[in-house]
Amino acid sequence: MRDDYFSHDGLLLHFVDSGEGGRPPVVMIHGFASNIATNWINPGWFAAFEKVGMRSIAIDNRGHGKSDKPHDDEAYHPEKMADDAVALLDHLNVEKAHIFGYSMGARISAFLALRHPSRVSSLVLGGLGIGMVNGVGDWDPIADALLAPSLDDVSHARGRMFREFADQTGSDRIALASCIRTSRTLVTRGEAASISAPTLIGVGTKDDVAGDAHELADLMPNARAFDIERRDHMLAVGDASFKRAVVSFLDEIG
């Protein structure tokens, strides 16, 4: 497993690259306040892809993990983070890849498909359904929660969830507050309908953040939904049935 860095847009960005194979690799883009280890290594995604002989690559988004963490709201528009992932493909001389994003990473993946369709073999969107288009509620209190002196000072339920998660991952909370302010750009219905890449959308049946996967799939010309049974937003990413569905989907695409 290669653990390395590359430069893009004035930032030093961390990535992990594992495995080989003649098929297009899968590039994994993690969610808000997470990182490569928490979103992909610990839940077993690298192991799942290694088992079927797929090369797997993951990036620490700007503001997260071991990547640089600017304290500037303008740094975190999803278009910029999508371009980071494409710059990683260029760095690794990868022409085309399966793009797999979870939560915020799913939004980034959608913008990648819109901006760079020729680089996308397929899409897997986890932890974000129709919320990508309609929005996912009031997230402004999350920035306040991240900047509060301590978790004890946070009463907003979703704010507490993400503040606790940020504390667990040892995140730069100022960078995350900047990120949450500008990373929530919506994909329009027309834009969703223009994404032609084969797409799998997986959302937990107890997820109260993502919005319905089937409703988003219905907007897209080549998408299908997968219900991750009995999982909420935080637990769905590591679900064994989701792993099987993703591996089967990518095997079908080739």
Closest contact, heavy atoms only, [X] versus [Y]:
{"X": "Ile195", "Y": "Pro221", "result": "O-CD, 3.2 Å"}
{"X": "Ser121", "Y": "Pro198", "result": "O-CD, 3.6 Å"}
{"X": "Ser109", "Y": "Ile29", "result": "OG-CD1, 3.7 Å"}
{"X": "Ala210", "Y": "Asp207", "result": "N-OD1, 3.0 Å"}
{"X": "Leu12", "Y": "Ser7", "result": "CD1-OG, 3.7 Å"}
{"X": "Ala97", "Y": "Pro24", "result": "CA-CB, 4.2 Å"}

* Structure fact -> Which of Leu128, Leu216, Leu123 passes side-chain contact (heavy atoms from CB on, under 4.5 Å) with Ile201? It is Leu216
Other residues, nucleotides and ligands only: do more than 12 of their heavy atoms fall within 6.0 Å of [atom1] on [X]?
{"X": "Glu20", "atom1": "CD", "value": "no"}
{"X": "Glu191", "atom1": "CD", "value": "yes"}
{"X": "Arg230", "atom1": "CZ", "value": "no"}

* To do: Show your reasoning for whether side chain to side chain contact (heavy atoms under 4.5 Å, CB included) applies to Asp60 and His30.
  => CA-CA 7 Å; Asp60 270 334; His30 64 72; 3.9 Å; yes
Side-chain heavy-atom pair [X], [Y] within 4.5 angstrom cut-off:
{"X": "Asp232", "Y": "Asp208", "answer": "no"}
{"X": "Glu229", "Y": "Asp239", "answer": "no"}
{"X": "Glu95", "Y": "Arg119", "answer": "yes"}
{"X": "Leu114", "Y": "Ser194", "answer": "yes"}
{"X": "Val237", "Y": "Phe242", "answer": "no"}
{"X": "Leu176", "Y": "Phe162", "answer": "no"}
{"X": "Asp140", "Y": "His156", "answer": "no"}
{"X": "Leu13", "Y": "His8", "answer": "yes"}

Between [X] and [Y], is there shared hydrophobic-cluster membership here, with clusters defined by ILVMFWY side-chain heavy atoms closer than 4.5 Å?
{"X": "Ile108", "Y": "Val133", "answer": "yes"}
{"X": "Val27", "Y": "Phe46", "answer": "no"}
{"X": "Val26", "Y": "Val52", "answer": "yes"}
{"X": "Met54", "Y": "Ile59", "answer": "no"}
{"X": "Ile41", "Y": "Ile57", "answer": "no"}

From [X] atom [atom1] to [Y] atom [atom2], the distance as rounded to the nearest 0.5 Å:
{"X": "Arg173", "Y": "Cys179", "atom1": "CZ", "atom2": "SG", "value": "15.0 Å"}
{"X": "Ile36", "Y": "Asn61", "atom1": "CD1", "atom2": "CG", "value": "9.0 Å"}
{"X": "Met234", "Y": "Ser103", "atom1": "CE", "atom2": "OG", "value": "8.0 Å"}
{"X": "Arg107", "Y": "Glu79", "atom1": "CZ", "atom2": "CD", "value": "10.5 Å"}
{"X": "Lys80", "Y": "Arg62", "atom1": "NZ", "atom2": "CZ", "value": "6.5 Å"}

Side-chain polar contacts of residues 247-254 - donor-acceptor pairs under 3.5 angstrom, sequence neighbours left out - could you list them?
unit_1 : atom_1 : unit_2 : atom_2 : d
Glu252 : OE1    : Arg224 : NH1    : 3.2
Glu252 : OE2    : Arg224 : NH2    : 2.8

* Chi angles and distances behind the side chain to side chain contact (heavy atoms under 4.5 Å, CB included) call for Met81, Leu112 -> CA-CA 9 Å; Met81 291 190 276; Leu112 193 160; over 6 Å; no
Give a yes or no answer on whether the side chain of [X] reaches the backbone of [Y] with a donor-acceptor pair at less than 3.5 Å.
{"X": "Asp212", "Y": "His214", "result": "yes"}
{"X": "Lys243", "Y": "Pro43", "result": "yes"}
{"X": "Lys206", "Y": "Leu235", "result": "no"}
{"X": "Ser67", "Y": "Gly63", "result": "no"}
{"X": "Arg160", "Y": "Leu151", "result": "yes"}
{"X": "His64", "Y": "Ala33", "result": "yes"}
{"X": "Tyr76", "Y": "Pro70", "result": "yes"}

* If we ignore angles and hydrogens, is there a donor and acceptor under 3.5 Å between the side chains of His71 and Ser178? -> no
* Asked: Can you list the steps and then say if Ile130 with Asp218 is a side chain to side chain contact (heavy atoms under 4.5 Å, CB included)?
  -> CA-CA 10 Å; Ile130 197 60; Asp218 287 344; over 6 Å; no
* Ring-ring centroid check His233 Tyr102, cutoff 6.0 Å -> yes
* To do: If the plane angle is over 60° it's perpendicular, under 30° parallel, otherwise tilted; pick one for Phe100 and Phe49.
  => perpendicular
* Classify the angle between the aromatic ring planes of Trp40 and Trp45 as parallel (below 30°), tilted (30 to 60°) or perpendicular (above 60°). => perpendicular
* Show your reasoning for whether side chain to side chain contact (heavy atoms under 4.5 Å, CB included) applies to Phe111 and His77. => CA-CA 10 Å; Phe111 276 97; His77 293 286; over 6 Å; no
* Verdict with supporting geometry, Asp153 and Arg163, salt bridge (charged side-chain N to carboxylate O under 4.0 Å, His left out) -> CA-CA 11 Å; Asp153 298 298; Arg163 171 58 185 264; over 6 Å; no
